[in-house]
Amino acid sequence: MKKPDTIIFTHGDSDGVCSGAIAKSAYPDARVYFTSPVSLHNRLDLAKDYDNIIICDIAVDERSCVNLYNKINDIASRADVTYIDHHPLPRMCWDESWFYHDLNTCAAELTYKVFKSRLERDIRRIAVYGAIGDYRDNTPAIRKWTRDWDKRSLYFQAGTLIQALQYVGRNYDFKREIVDPLSNDLIPSEIPNLIPYAKKASRIEEDLRIRVKELVHPLHSIAYVLDPEGYLSKSAIYAASYGRKGIGIAAEHRNNKAAYDLSLRSRNSSVDINLLLRDIAPQYGGSGGGHPMAAGARIPEEKLDAFLQEFDRRVSLAETKQGDL
């Protein structure tokens with residue numbers, strides 16, 4: 001069997017799955033692999049025999065950005081490379097013809113735009129799913145594309161996909177099984193197992209909501225929950241809601257790392273949690289970043305309390321400065 005010419009690396013969340021499906025629709029014979037910012041550098045070793053390498057929705061990790069840049073440039077000297085992303089960049093800005101970057105869209109929308117000439121018009125619907133999953137469904141393009149379908153149906157299909165992906169977690173083999181029918185524009189509710197998985201995820205989320213309501217710890221400007229025993233990103237949302245604060249944090253202990261993994265969600269547009277994390281987390285031996293309103297971090301277990309206190313202090317300071325303007 002002839003080896004495919006194209007390999008796709010993408011993120012495992014709903015926006016990443018949709019981006020990968022759109023790229024695979026453009027290159028139907030491509031192989032798809034899921035990866036993360038910290039793993040991409042090593043994962044790219046899989047691309048050595050491919051002529052066309054596509055990377056979607058993988059943030060540039062600040063600690064390895066120079067090595068990653070050099071590696072991709074080396075690959076680009078012998079193969080076609082397309083790197084599509086929408087995350088805030090490290091201080092070193094990349095300016096190469098193979099790099100497509102837009103902070104104001106989700107990766108799925110940007111992927112559709114990059115490969116538009118190779119795609120059927122209806123594939124825009126997959127970009128809408130990705131936008132809904134990434135809270136980027138209010139861009140001019142997504143608002144325009146949404147008008148071609150019943151919006152209620154779009155949100156049902158997107159919700160089914162989002163909840164099911166949340167339920168399967170790091171089961172990347174199952175996610176690969178989703179990408180192929182999705183790339184052929186099969187609606188999520190018709191993809192095997194997505195409806196029952198979405199239902200299970202919703203039950204887990206409802207139990208989680210009630211648990212976070214009981215466990216949340218409000219500080220001055222943030223609220224947090226420790227080990228919520230459920231989806232971290234959703235726990236952070238409910239921590240903000242039930243803590244009555246603009247920013248919610250959910251922290252889960254990782255025994256094998258002697259650290260806590262954090263998810264942060266903001267309802268406070270005056271505070272850029274990505275910039276705060278990039279500044280504060282390294283001071284406590286950790287790392288972090290993401291988007292202005294949604295981000296993640298890893299903090300050593302013995303530094304978590306000090307980190308939370310300092311993060312709360314800096315958020316309060318930022319809110320005070322914003323109020324003085």
Side-chain angles (χ1 to χ4, degrees), residues 4-119 123 126-127 130-131 133-134 136 139 141 172 175-176 179 183 274 278 287 289-291 294-296:
D5 295 326
T6 301
I7 187 169
I8 299 167
F9 298 98
T10 192
H11 195 216
D13 67 357
S14 56
D15 189 25
V17 169
C18 289
S19 300
I22 293 169
K24 187 168 174 60
S25 187
Y27 296 92
D29 294 329
R31 288 185 177 170
V32 178
Y33 291 89
F34 293 98
T35 189
S36 66
V38 296
S39 302
L40 177 60
H41 186 277
N42 291 333
R43 269 294 203 179
L44 284 171
D45 291 339
L46 296 171
K48 62 181 180 180
D49 296 327
Y50 289 85
D51 298 322
N52 188 29
I53 295 93
I54 299 169
I55 305 165
C56 302
D57 196 32
I58 307 294
V60 178
D61 181 57
E62 193 155 12
R63 295 165 297 179
S64 61
C65 63
V66 174
N67 289 337
L68 180 63
Y69 175 84
N70 291 336
K71 188 166 190 173
I72 295 177
N73 248 347
D74 180 61
I75 294 172
S77 68
R78 60 164 181 78
D80 292 327
V81 174
T82 306
Y83 195 142
I84 300 167
D85 189 46
H86 67 130
H87 295 88
L89 289 171
R91 292 178 180 86
M92 186 197 79
C93 182
W94 293 9
D95 185 17
E96 296 290 343
S97 60
W98 44 259
F99 191 57
Y100 297 83
H101 185 257
D102 188 343
L103 286 171
N104 299 310
T105 72
C106 69
E109 177 185 335
L110 189 54
T111 302
Y112 180 86
K113 290 176 176 177
V114 170
F115 296 124
K116 181 179 178 181
S117 64
R118 302 180 63 95
L119 296 167
I123 296 300
I126 306 172
D134 216 52
R136 296 297 181 94
T139 68
Y172 297 126
K175 290 182 178 183
R176 268 187 286 274
V179 168
S183 72
N274 165 61
R278 288 179 183 270
S287 61
H291 296 290

Under 3.5 Å, is there a donor-acceptor pair linking the side chains of [X] and [Y]?
| X | Y | value |
| --- | --- | --- |
| H86 | D57 | yes |
| W98 | D80 | no |
| E96 | Y69 | yes |

task: Could you walk me through whether I7 and I54 pass the side-chain contact (heavy atoms from CB on, under 4.5 Å) test, one step at a time?
output: CA-CA 6 Å; I7 187 169; I54 299 169; over 6 Å; no
Ignoring hydrogens and angles, tell me if any N or O in the side chain of [X] forms a donor-acceptor pair with the backbone of [Y] under 3.5 Å.
| X | Y | answer |
| --- | --- | --- |
| S183 | S25 | no |
| S77 | D74 | yes |
| S19 | D15 | yes |
| Y83 | I58 | yes |

Indicate the atoms forming the closest heavy-atom contact of [X] with [Y], along with that distance.
| X | Y | result |
| --- | --- | --- |
| G20 | T10 | N-OG1, 3.9 Å |
| F34 | G12 | CD2-CA, 3.7 Å |
| A141 | E109 | CB-OE2, 3.3 Å |

Residues that N274 engages under side chain to side chain contact (heavy atoms under 4.5 Å, CB included), provided they are two or more places apart: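 Scan of N274 (side chain to side chain contact (heavy atoms under 4.5 Å, CB included), adjacent residues dropped) gives P88, D272, R278.
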Look up atom [atom1] in [X] and atom [atom2] in [Y], then write down how far apart they are to the nearest 0.5 Å.
| X | Y | atom1 | atom2 | answer |
| --- | --- | --- | --- | --- |
| H11 | D134 | NE2 | CG | 10.0 Å |
| K116 | I123 | NZ | CD1 | 14.0 Å |
| I22 | K113 | CD1 | NZ | 11.5 Å |
| T139 | L110 | OG1 | CG | 10.5 Å |

[X] side chain near [Y] side chain, heavy-atom distance below 4.5 Å:
| X | Y | answer |
| --- | --- | --- |
| F9 | V32 | no |
| S14 | V17 | no |
| L44 | I55 | yes |
| H291 | R136 | yes |
| K24 | R176 | no |
| Y33 | I8 | no |
| I53 | T82 | no |

message: I'd like to know if K175 and D13 make a salt bridge, using a cut-off of under 4.0 Å between side-chain N and carboxylate O.
response: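 No, K175 and D13 are not salt-bridged.
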Do any side-chain atoms of residues 99-108 form donor-acceptor pairs under 3.5 angstrom with protein atoms, and if so which ones, sequence neighbours left out?
| residue | atom | partner | partner atom | Å |
| --- | --- | --- | --- | --- |
| H101 | NE2 | H87 | O | 2.6 |
| D102 | OD1 | N104 | N | 2.8 |

- request: Evaluate the side-chain contact (heavy atoms from CB on, under 4.5 Å) criterion for residues K71 and D45: first the C-alpha distance (whole Å), next the side-chain angles of each, then the deciding distance (0.1 Å), finally the verdict.
  value: CA-CA 10 Å; K71 188 166 190 173; D45 291 339; 2.6 Å; yes
Identified side chain to side chain donor-acceptor pair (under 3.5 Å) counterpart of T6 within the set D51, N52, D29: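 When D51, N52, D29 are each tested with T6, the side chain to side chain donor-acceptor pair (under 3.5 Å) holds only for N52.
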